[in-house]
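Everything on this sheet refers to the single structure shown next.
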Amino acid sequence: MLKLTRGYFGARKNVWTVAKNTWEKGLTYAFRDRKNKKRNFRALWIQRINAAARLEGMSYSKLMGALHKAGIEINRKVLADLAMNHPEAFKAIVAKAKAA
């Protein structure tokens, strides 16, 4: 147990009960934050898509509705990557969505 808590601050690294409690609580945080990481990334992707869509004269919700209506199935991760790194491809997708 003390090997697992090496590098912690103060008594958390060398007092058995404090180290055990700290380590167990760290496992709880790790479990929770693996879930939160997915939530945070989805929020980031939505913000990036919204910013790029606004440059094209649409809001995020209108864009996603138009994509669904046009039958374009592309996930938010890829759409956000296109918006950031390949704006011309993103413009083409928005144009197809507007046309439908």
N/O donor-acceptor pairs under 3.5 Å from side chains in residues 15-22, not counting sequence neighbours:
residue : atom : partner : partner atom : Å
N21     : ND2  : T17     : O            : 3.3
T22     : OG1  : V18     : O            : 2.8

For residues 51-68, run the donor-acceptor check on the side chains, cut-off 3.5 Å, and write out each pair with its distance to 0.1 Å, sequence neighbours left out.
residue : atom : partner : partner atom : Å
R54     : NE   : N50     : OD1          : 3.2
S59     : OG   : S61     : OG           : 3.4
S59     : OG   : K62     : N            : 3.3
Y60     : OH   : R76     : NE           : 2.7

In a table with atom names and distances, give each donor-acceptor pair under 3.5 Å that connects a side chain of residues 80-95 to protein atoms at least two apart or in another chain.
residue : atom : partner : partner atom : Å
D81     : OD1  : N85     : ND2          : 2.6

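Take F31 and apply the side-chain contact (heavy atoms from CB on, under 4.5 Å) test, not counting sequence neighbours, and it matches R34, K35. Residues satisfying the side-chain contact (heavy atoms from CB on, under 4.5 Å) test with R39, not counting sequence neighbours, are N36.
Within a 6.0 Å radius of CD in E24, other residues, nucleotides and ligands contribute more than 12 heavy atoms. R32 CZ: more than 12 foreign heavy atoms inside a 6.0 Å radius.
Residues L4 and L27 fall within the same hydrophobic cluster, defined by Ile, Leu, Val, Met, Phe, Trp and Tyr side chains chained together at heavy-atom separations under 4.5 Å.
Cluster note: W45 groups with F41, L44 through ILVMFWY side-chain heavy atoms spaced under 4.5 Å, whether in direct contact or through intervening members.
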